[in-house]
Enquirer: 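Dropping a structure here in structure tokens format, bear with me for questions.
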Amino acid sequence: MSNNHPWLVSLVVLIPMATATYAAVPDEFVDERKLFAQAHSAFEKGNATEYKKLRGTLGTSYPIAYYLDYLDLRKTFEAVSPTQSHLNALHQFERETKDENLTRKLTRQLQARAATTKQWPIFRKLNEYNMAASMPCETLQAQANAGKLETLNPAALELWVQPKKHPKACAALLDKLESRKAPPIKAIWQRIYESMDETKPQYAESVLHYLSRQDQKPVKGWLKARKTPEAYLKSGALEKDTSFNRRAVVDLVLLWSKDDPVAAMNYWLGNHEKYRFYDDRYYDTHRLLAMRGAYRRLPEAYEWLNSVPGRDDDLELKEWRIRAALYAQDWVKVLRSLKRLPKEEQEEDHWAYWEARALEEAGHTPIANAIYETLSQLPTYHGFLAADKLGTAYAITDLPIDADKKILGELEQSAELIRAREYYQVDIPWEGRREWNALFDGATPDKLAALAVLAERWELYDRALFSAGRAEKKKALTTRFPIVYLSEVELAAQKNRIPPAWVFGVMRRESGYIRDVKSSAGAIGLMQLMPNTAKYVAKLQGKKNWKGDLTDVETNIDFGTFYLRHVLDKFDDHQILATASYNAGPKRVSIWLPPEDMSADVWIDAIPYSETRRYVRAVMAYTVIYEWHLTKQPERLSSKLLIVPAAKAEGT
């Protein structure tokens with residue numbers, strides 16, 4: 001075992017114990033849970049006789065028994081051509097359960113089935129429900145079926161102007177309505193402009209025949225110019241200051257800037273005064289060109305951002321001025337740009353840290369140290385870095401939440417929370433989260449604090465940490481950073497030779513311990529693995545044609561930890577670059593490497609992607625906190641912030 005990895009030594013886990021003793025989950029529904037699970041299993045297996053028997057035995061006393069009825073109705077609705085009897089069944093479910101969320105799901109399922117099976121009278125009834133989904137295409141079809149739609153009415157025009165591929169039946173109806181009466185000229189131009197704004201010129205081309213030859217010519221020129229925007233802009237074809245030309249100029253300059261941002265910005269700076277742009281269009285265009293330079297870390301970025309006439313409410317622009325100066329390590333400009341932030345923003349710990357760093361670089365060490373001293377009292381990424389600057393201990397103190405006993409007692413008896421707890425107990429956590437989260441809206445800080453305590457008491461760790469966060473209990477570290485799945489993490493960490501605290505830090509940031517979570521991008525589970533990444537990991541592990549379950553705790557932690565080791569190897573044991581790669585991918589991180597060696601704190605806070613920048617800072621801070629949880633002796637964060645190496649020259 002290498003001495004370079006002291007965290008591989010057998011861990012002495014020092015997890016703070018709860019101050020009170022209690023059963024994690026009340027046992028009042030032990031028998032009902034078993035019956036529910038058996039009935040659910042029978043239902044999933046299609047054993048109707050066994051299911052009906054068990055469902056009858058379970059009765060209605062169990063708080064979530066009706067979820068089985070929901071599943072039964074959902075299965076029925078999946079295959080029917082809806083009739084009034086199905087509407088009646090829906091109404092009965094709503095009356096008996098009073099569960100708006102499940103009723104809404106069933107309503108929208110039946111609504112979709114009615115559209116698919118063209119049961120338009122039923123669809124129209126469902127469409128009037130306040131729980132119905134917005135289905136504009138299908139609503140038009142229902143109106144046409146009832147003989148109430150002869151031409152492009154306002155709702156149909158709203159769809160017609162959209163540069164998108166509509167469902168086949170909807171597109172056919174729009175075409176039919178269009179053939180009966182041509183769209184108004186205003187709608188035609190709206191479609192052309194929206195098509196160009198969304199880079200879908202084919203939808204503009206398809207309506208050119210409605211324009212006169214005189215009007216067609218500039219639009220055709222614009223469409224053709226998208227292949228060579230520079231040449232067209234310089235040809236003089238758009239020199240007249242017209243509304244159309246102003247739109248085309250903006251579109252082509254922005255298109256050009258994707259390939260050559262410097263040339264496009266220079267053209268804009270030299271020509272925009274020839275046109276009477278509306279203030280917003282001018283500002284948005286100039287700003288986007290400048291921001292594009294900042295995202296690509298061009299040397300000109302700071303001056304471009306500085307040339308944008310900043311608005312008081314444009315905080316993002318002001319922050320990017322700082323990042324551009326920071327990346328260039330121009331400390332005078334860093335300080336100057338920091339002073340342009342609103343006062344309350346200057347006091348945020350990340351900007352206060354950079355004020356101190358800039359002052360330190362400028363030789364004003366006493367002033368810098370005073371800021372570091374204040375920051376070092378915070379258990380945050382920049383607070384830890386400030387403590388490292390001073391060589392002082394980290395301000396890591398666990399302050400358990402002291403919940404109001406009356407509120408806590410009321411919540412323990414809350415029907416919503418009892419349902420939430422039972423959903424977790426029978427392994428339907430997504431419905432449990434939905435019930436729990438419904439109580440967040442409008443909740444007082446005291447109620448939120450009690451929710452956190454109750455969730456922790458019931459071992460609903462994901463709800464505990466989210467509730468504590470909502471309650472602003474930032475120092476309730478045991479609640480906000482629980483040790484969950486310890487044996488799985490220790491095993492995977494040891495096998496892959498990485499610190500367990502780092503694994504916990506990644507897991508906490510990625511999923512907040514929601515093992516079944518799936519992101520909008522498709523990442524799954526505790527460590528948020530993309531299916532393709534999982535297949536890649538499985539292949540590296542010698543598992544051919546792997547088709548496992550990423551919501552399985554052991555699998556997800558094993559694969560995620562293996563991938564952490566993989567990116568750590570790729571970046572020569574550089575934990576910061578590996579962490580960034582886990583979020584943004586190693587190819588992108590390789591592109592982000594600086595032209596010269598750079599301090600890691602500078603590189604991190606100048607990462608172009610806000611998500612990745614925040615991710616790296618959070619994971620590294622969480623890693624420190626988990627080191628404290630696991631051993632009470634966290635390593636210095638600065639020891640992990642190795643110099644970020646310069647990008648390798650092409651061909652080397």
Enquirer: For the pair Gln111 (side chain) and Ala133 (backbone), establish whether a donor and an acceptor sit closer than 3.5 Å, ignoring hydrogens and angles.
Expert: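 Yes.
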
Enquirer: For the residue pair Glu416 and Ser414, confirm or rule out a side-chain donor-acceptor distance under 3.5 Å.
Expert: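 Looking only at side-chain atoms, Ser414 and Glu416 do form a donor-acceptor pair, the distance falling under 3.5 Å.
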
Enquirer: Over 60° means perpendicular and under 30° means parallel, so tell me whether Tyr582 and Tyr615 are parallel, tilted or perpendicular.
Expert: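 The arrangement is parallel - the two ring planes meet at less than 30°.
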
Enquirer: How about CD on Gln633, more than 12 heavy atoms from neighbouring residues, nucleotides or ligands closer than 6.0 Å, or not?
Expert: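 It does not: Gln633 CD has 12 such atoms or fewer within range.
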
Enquirer: Judged by atom type as modelled, is there a donor-acceptor pair below 3.5 Å linking the side chain of Trp603 to the main-chain atoms of Trp592?
Expert: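 Present.
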
Enquirer: Is the number of heavy atoms from other residues, nucleotides or ligands within 6.0 Å of CD (Gln541) greater than 12?
Expert: yes

Enquirer: What do you reckon, is NZ of Lys640 surrounded by more than 12 foreign heavy atoms closer than 6.0 Å?
Expert: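 Yes, the 6.0 Å shell around NZ holds more than 12 heavy atoms from other groups.
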
Enquirer: Between Ile576 and Met620, what is the shortest heavy-atom contact and its length?
Expert: CD1-CG, 3.8 Å

Enquirer: Pairing donors with acceptors under 3.5 angstrom, does anything connect the side chains of His40 and Asp427?
Expert: no

Enquirer: For Glu96 and Tyr66, test the side chains for any donor-to-acceptor distance below 3.5 angstrom and give the result as yes or no.
Expert: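 There is no such pair (donor and acceptor under 3.5 Å, judged by atom type) between the side chains of Glu96 and Tyr66.
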
Enquirer: For Leu159, does its backbone N or O pair with a side-chain atom of His166 as donor and acceptor, under 3.5 Å?
Expert: yes

Enquirer: Tyr67 vs Tyr423, test: ring pair (Phe, Tyr, Trp, His ring centres under 6.0 Å). Steps then yes/no.
Expert: CA-CA 9 Å; Tyr67 188 76; Tyr423 276 126; 5.4 Å; yes

Enquirer: Taking Glu50 first and then Lys45, would you say they form a salt bridge - that is, a charged N and a carboxylate O separated by under 4.0 Å?
Expert: no

Enquirer: Answer yes or no: are there more than 12 heavy-atom neighbours, outside Lys535 itself, under 6.0 Å from its atom NZ?
Expert: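 Counting neighbours around NZ of Lys535, 12 or fewer heavy atoms of other residues, nucleotides or ligands fall under 6.0 Å, so no.
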
Enquirer: Please answer whether the main-chain N or O of Tyr295 pairs with a side-chain N or O of Arg323 as donor and acceptor at a distance below 3.5 Å.
Expert: no

Enquirer: Between CG of Leu126 and OG1 of Thr107, what distance do you get to the nearest 0.5 Å?
Expert: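 With rounding to 0.5 Å, CG (Leu126) is 7.0 Å from OG1 (Thr107).
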
Enquirer: If we ignore hydrogens and angles and just use 3.5 Å, is the side chain of Asn556 paired with the main-chain N or O of Leu529 as donor and acceptor?
Expert: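 It does not hold such a pair.
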
Enquirer: Would you check if the side chain of Thr555 reaches a backbone N or O of Thr551 as a donor-acceptor pair within less than 3.5 Å?
Expert: no

Enquirer: Tell me the closest heavy-atom pair linking Cys137 and Pro167, and the distance in Å.
Expert: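 Closest approach of Cys137 to Pro167, heavy atoms only: SG-CD, 4.0 Å.
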
Enquirer: Where the side chain of Asn127 meets the backbone of Phe123, is there a donor-acceptor pair that is under 3.5 Å apart?
Expert: no

Enquirer: Tell me the closest heavy-atom pair linking Gly512 and Leu465, and the distance in Å.
Expert: O-CD2, 3.5 Å

Enquirer: With a 6.0 Å cut-off (strictly less than), is the heavy-atom count around OH of Tyr536, excluding the residue itself, greater than 12?
Expert: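 Open.
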
Enquirer: Indicate yes or no for a side-chain donor-acceptor contact from His629 to the backbone of Leu477 under 3.5 Å, with no hydrogens or angles considered.
Expert: yes

Enquirer: Does Pro82 offer a backbone N or O that forms a donor-acceptor pair with the side chain of Arg113 under 3.5 Å?
Expert: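 No: the side chain of Arg113 does not pair with the backbone of Pro82.
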
Enquirer: Identify whether the distance between the nearest side-chain nitrogen and carboxylate oxygen of Asp573 and Arg565 falls below 4.0 Å.
Expert: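 Judged by the 4.0 Å cut-off on N to carboxylate O distance, Asp573 and Arg565 do form a salt bridge.
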
Enquirer: Anything under 30° is parallel, anything over 60° is perpendicular, the rest tilted; go ahead and classify Tyr513 against Phe504.
Expert: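 Tilted.
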
Enquirer: Drop me the distance from Lys200's NZ to Glu194's CD, to the nearest 0.5 angstrom.
Expert: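 One finds 10.5 Å between NZ of Lys200 and CD of Glu194.
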
Enquirer: Check the side chains of Asp349 and Thr380 for a donor-acceptor pair under 3.5 angstrom, ignoring hydrogens and angles.
Expert: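 Their side chains do contain a donor-acceptor pair, which is all the 3.5 Å distance test asks for.
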
Enquirer: Given side chain to side chain contact (heavy atoms under 4.5 Å, CB included), test Val589 with Val567 step by step and report yes or no.
Expert: CA-CA 11 Å; Val589 170; Val567 290; over 6 Å; no

Enquirer: Hey, what do you get for NZ (Lys539) to CG (Asn545), rounding to the nearest 0.5 Å?
Expert: 10.5 Å

Enquirer: Between Trp628 and Lys632, is there a cation-pi geometry (under 6.0 Å to ring centre, at most 45° from the normal)?
Expert: yes

Enquirer: Please report the shortest heavy-atom distance between Ala493 and Val503, naming the atom on each side.
Expert: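 Of all heavy-atom pairs spanning Ala493 and Val503, the closest is CB-CG2, 4.4 Å.
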
Enquirer: Describe, in one word, how the ring planes of Phe77 and His86 are oriented to each other, choosing from parallel (under 30°), tilted (30 to 60°) and perpendicular (over 60°).
Expert: perpendicular

Enquirer: I'd like to know if the side chain of Gln528 reaches the main chain of Gly525, judged simply by a donor and an acceptor atom lying under 3.5 Å from each other, with no hydrogens or angles considered.
Expert: yes

Enquirer: Do the charged groups of Glu431 and Arg434 touch, with an N to O distance under 4.0 Å?
Expert: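 The answer is yes: the pair qualifies as a salt bridge.
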
Enquirer: Could you walk me through whether Tyr353 and Asp605 satisfy the side chain to side chain donor-acceptor pair (under 3.5 Å) test, starting with their C-alpha distance in whole Å, then the side-chain angles of each, then the deciding distance to 0.1 Å, before giving a yes or no?
Expert: CA-CA 11 Å; Tyr353 173 81; Asp605 272 17; over 6 Å; no

Enquirer: Quick one, Leu102 and Leu73 - any side-chain contact, counting heavy atoms below 4.5 Å?
Expert: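 Leu102 does not reach Leu73 side chain to side chain.
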
Enquirer: Is there side-chain contact between Met507 and Val489, with heavy atoms separated by less than 4.5 Å?
Expert: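 Side-chain contact under 4.5 Å: yes.
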
Enquirer: Do Tyr609 and Asn583 have side-chain atoms, one donor and one acceptor, less than 3.5 Å apart?
Expert: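 The answer is no; no qualifying pair exists.
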
Enquirer: Does Arg292, at its CZ atom, have more than 12 non-hydrogen atoms belonging to other residues, nucleotides or ligands within less than 6.0 Å?
Expert: yes

Enquirer: Could you tell me whether Lys543 sits above the aromatic face of Phe559, with NZ or CZ closer than 6.0 angstrom to the six-membered ring centre and within 45 degrees of the axis?
Expert: no

Enquirer: Which atoms form the tightest heavy-atom contact between Tyr626 and Gly505, and what is the distance?
Expert: CD1-N, 3.9 Å

Enquirer: Show your working on side chain to side chain contact (heavy atoms under 4.5 Å, CB included) between His382 and Arg617 and close with a plain yes or no.
Expert: CA-CA 8 Å; His382 291 98; Arg617 295 190 308 213; 3.6 Å; yes

Enquirer: Should the pair Tyr70 and Phe93 be assigned to parallel (<30°), tilted (30 to 60°) or perpendicular (>60°) ring geometry?
Expert: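 Plane angle between 30° and 60°, so tilted.
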
Enquirer: Can you tell me how far CD1 of Ile64 sits from CG of Asp69, rounded to the nearest 0.5 angstrom?
Expert: 11.5 Å

Enquirer: Check this for me: does any side-chain nitrogen of one of Arg433 and Asp516 sit under 4.0 Å from a carboxylate oxygen of the other?
Expert: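 Judged by the 4.0 Å cut-off on N to carboxylate O distance, Arg433 and Asp516 do form a salt bridge.
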
Enquirer: Between Arg613 and Ser610, do the side chains contain a donor N or O and an acceptor N or O under 3.5 Å apart?
Expert: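 Present: a donor and an acceptor within the cut-off.
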
Enquirer: Within a 6.0 Å radius of atom CD on Glu554, are there more than 12 heavy atoms belonging to other residues, nucleotides or ligands?
Expert: no

Enquirer: Decide yes or no on side chain to side chain contact (heavy atoms under 4.5 Å, CB included) for Leu577 and Leu593, but give the supporting numbers first.
Expert: CA-CA 9 Å; Leu577 297 181; Leu593 292 177; 4.0 Å; yes

Enquirer: So, taking the atom named CZ in Phe36 and the one named CZ in Arg55, what distance separates them when rounded to the nearest 0.5 Å?
Expert: 8.5 Å

Enquirer: How long is the gap from CG on Leu630 to CG on Leu486, to the nearest 0.5 Å?
Expert: 7.0 Å

Enquirer: What do the steps show when you test Lys473 against Glu456 for salt bridge (Lys or Arg N to Asp or Glu O under 4.0 Å), and what is the final call?
Expert: CA-CA 14 Å; Lys473 299 296 184 180; Glu456 190 171 27; over 6 Å; no

Enquirer: List the atom of Ala538, the atom of Trp546, and the distance in Å for their closest heavy-atom pair.
Expert: CB-CB, 3.4 Å

Enquirer: How about Glu316: does its CD atom have over 12 heavy atoms from other parts shown lying under 6.0 Å from it?
Expert: yes

Enquirer: One pair to check against side chain to side chain contact (heavy atoms under 4.5 Å, CB included): Tyr394 and Leu637. What are the steps and the verdict?
Expert: CA-CA 10 Å; Tyr394 290 159; Leu637 178 55; 3.7 Å; yes

Enquirer: So, Arg515 and Asp462, do they make that salt bridge, N to O below 4.0 Å?
Expert: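 Looking at Arg515 and Asp462, the cut-off is not met.
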
